Number of protein chains: 2
Amino acid sequence: MAPKAYYNIHPKFHVAVDCIIFGFEDGELSLLLLKRNFEPARGQWSLMGGFVEEGESVDAAARRVVAELTGLSDLYMSQVHTYGAPERDPGERVVSAAYYALVDIKKYNRELVRAHNAFWVKLPDVPPLIFDHGAMVRDALRFMRYQASVKPVGINLLPEEFTLTQLQALYEAIFGQAMDKRNFRKRIASMDYIEKTGGLDRTMSRRAAALYRFNPDKYDGQSIFKI
Amino acid sequence: MAPKAYYNIHPKFHVAVDCIIFGFEDGELSLLLLKRNFEPARGQWSLMGGFVEEGESVDAAARRVVAELTGLSDLYMSQVHTYGAPERDPGERVVSAAYYALVDIKKYNRELVRAHNAFWVKLPDVPPLIFDHGAMVRDALRFMRYQASVKPVGINLLPEEFTLTQLQALYEAIFGQAMDKRNFRKRIASMDYIEKTGGLDRTMSRRAAALYRFNPDKYDGQSIFKI
DNA sequence: ATTTTAAAGTGTAAAAACAACACTTTAAAA
DNA sequence: TTTTAAAGTGTTGTTTTTACACTTTAAAAT
């Protein structure tokens, strides 16, 4: 395609993606963060990011970048916001789109994570991050909470089969507040798209707990939780 | 700032903004759209857009672009989503951030709008738009509805002083559903940040209607309407 | 002057959703 | 055999939401 005058009087910028990768363990949300052993900002903490390449959509770049770190494709991901302040990256002008991803924390590729010098950090322990990555985390958490209140995305943080106790702990972590066990279970019982598998979990307690799964065929877009 | 190797192995792209400009008139939402008398896509309908310039934030570009068309700064604006498919603009690669803006439709600069060959089009009459602008409108409407359900942004579509009948018609237009007058007025009465000005509107009915205004000092972030 | 008209304004009751609350069951471990 | 720790289970009061219809006002028409 020949360059056109009405485009080329305008500047071009690097376009990047930064990924807020959420996991869930021990009743708490965690983020997968890089302790950067590369430039720029070597030695500081940051989100996993990367540049959008020729012929690659911004969404695809976000998936690629998460897969480079975790080995996981097919994650639940969602664009959060785009950050475009001219000095947000002090090195060069970079416009960055933030995406959040939800990972079953049992499944990621440990070698890749080690090779990137990345670590799971529980949310309250997240250190100061480079550039505007702290704002990205704040905005991603807010947006993820909203989405979790509106559709069952949170389930992507759990294994395919989970107990109601795990599910409740997950929602308590997402919304940061305790919930009543009976009311919670009543609510879940009314969601026919969360169904018993018939299996039992015997690892978490003396008494075996019924396992449940999300059935996407039965899910029709109905809202889940009030925030 | 000297170019750095770790940036310059990556491509750069044009970064644009496209603006979904909402107005409200005759009980219906409208969009301010361009019938393009310039390239590219001359003769087709599009959103108002423009490129992000050197040293300009993406947010500032969106405000500039809306001000170029309407003469209005200080509008309520919010970023919606960024569109980054490689072929979304068939001319050259352009990554575009969409923003919505809320305009009091009595106030815009008519000369500027005429000069841009722009027109207010009621939502149900919006014609097919170029590129992915149709998707931008759909996403902006969804996001604006969400924000209007959560905070009183809709008020930016009305004059500073408004009657409860106008306000109800506005929310009916935003959410696309009729509301009960008494229940609506009860709800508004419980929002102390929507207060009587003492003034009366005599233009809309035989019986004068009390005028109200939004008092931002009394607004503390509480949620407004269930969607 | 009187009547008509069109929008402004106002309360109650039933239904639904939500929140609070404590004990029994199970099976492994001691 | 007893202890323990988590799984599992219903009811009631409170709050929120919804449904519903007539009176008031003042301009315009007669």
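As the structure is a computational prediction, the values presented were derived from the model and not from experiment. Lettering follows sequence order; numbering is per chain, from 1.
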What is the separation between atom [atom1] on [X] and atom [atom2] on [N], rounded to the nearest whole Å?
X: A:Arg206; N: C:dA28; atom1: CZ; atom2: P; result: 10 Å
X: B:Ile188; N: C:dG11; atom1: CD1; atom2: P; result: 17 Å
X: A:Asp201; N: D:dA5; atom1: CG; atom2: P; result: 18 Å
X: B:Asp180; N: C:dA8; atom1: CG; atom2: C1'; result: 14 Å
X: B:Arg202; N: D:dA26; atom1: CZ; atom2: P; result: 7 Å
X: B:Gln166; N: C:dG9; atom1: CD; atom2: P; result: 12 Å
X: A:Arg182; N: C:dC18; atom1: CZ; atom2: C1'; result: 14 Å
X: B:Gln168; N: C:dT10; atom1: CD; atom2: C1'; result: 14 Å

Nearest to side-chain heavy atoms of [X], which nucleotide of [options]:
X: B:Lys181; options: D:dA27, D:dA7, C:dG9; result: C:dG9
X: B:Asn183; options: D:dC20, C:dA27, C:dG9; result: D:dC20
X: A:Ala209; options: C:dA8, C:dA27, D:dA7; result: D:dA7

Hey, does B:Leu123 have a side-chain heavy atom less than 4.5 Å from the side chain of B:Leu141?
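When only atoms from C-beta onward are counted, B:Leu123 and B:Leu141 do touch, with a gap below 4.5 Å.
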
Just so I know, are the side chains of A:Tyr83 and A:Met136 near enough to count as touching, which here means a heavy-atom distance under 4.5 Å?
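A:Tyr83 reaches A:Met136 side chain to side chain.
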
Side-chain ion pair, A:Asp132 and A:Arg88, N-O less than 4.0 Å:
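Yes, A:Asp132 and A:Arg88 are salt-bridged.
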
When both hydrogen-bonding distances must be under 3.5 Å and the geometry is Watson-Crick or G-U wobble, what is D:dT1 paired with, if anything?
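Paired with D:dT1, as far as the under-3.5 Å criterion goes, is C:dA30.
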
List the steps and the verdict of side-chain contact (heavy atoms from CB on, under 4.5 Å) for A:Glu160 and A:Asp104.
CA-CA 9 Å; A:Glu160 296 227 336; A:Asp104 172 0; over 6 Å; no

Does OP1 or OP2 of D:dG8 have a side-chain N or O of A:Arg185 closer than 4.0 Å?
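Looking at the OP1 and OP2 atoms of D:dG8, one of them is under 4.0 Å from a side-chain N or O of A:Arg185.
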
Might you confirm whether atom CG of A:Asp74 has over 12 heavy atoms from other residues, nucleotides or ligands at distances under 6.0 Å?
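Not buried by this count: 12 neighbours or fewer within 6.0 Å.
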
Does B:Thr165 reach a base, just sugar-phosphate, or nothing at all? Heavy atoms under 4.0 Å.
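The residue B:Thr165 makes sugar-phosphate contact but no base contact.
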
May I ask you to verify whether the side chain of B:Arg207 and the base of D:dT24 hold a donor-acceptor pair under 3.5 Å?
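Checked by distance alone, the answer is yes.
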
Whether the side chain of B:Lys186 and the base of D:dT16 hold a donor-acceptor pair under 3.5 Å is what I'd like checked.
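Per atom types, no contact qualifies.
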
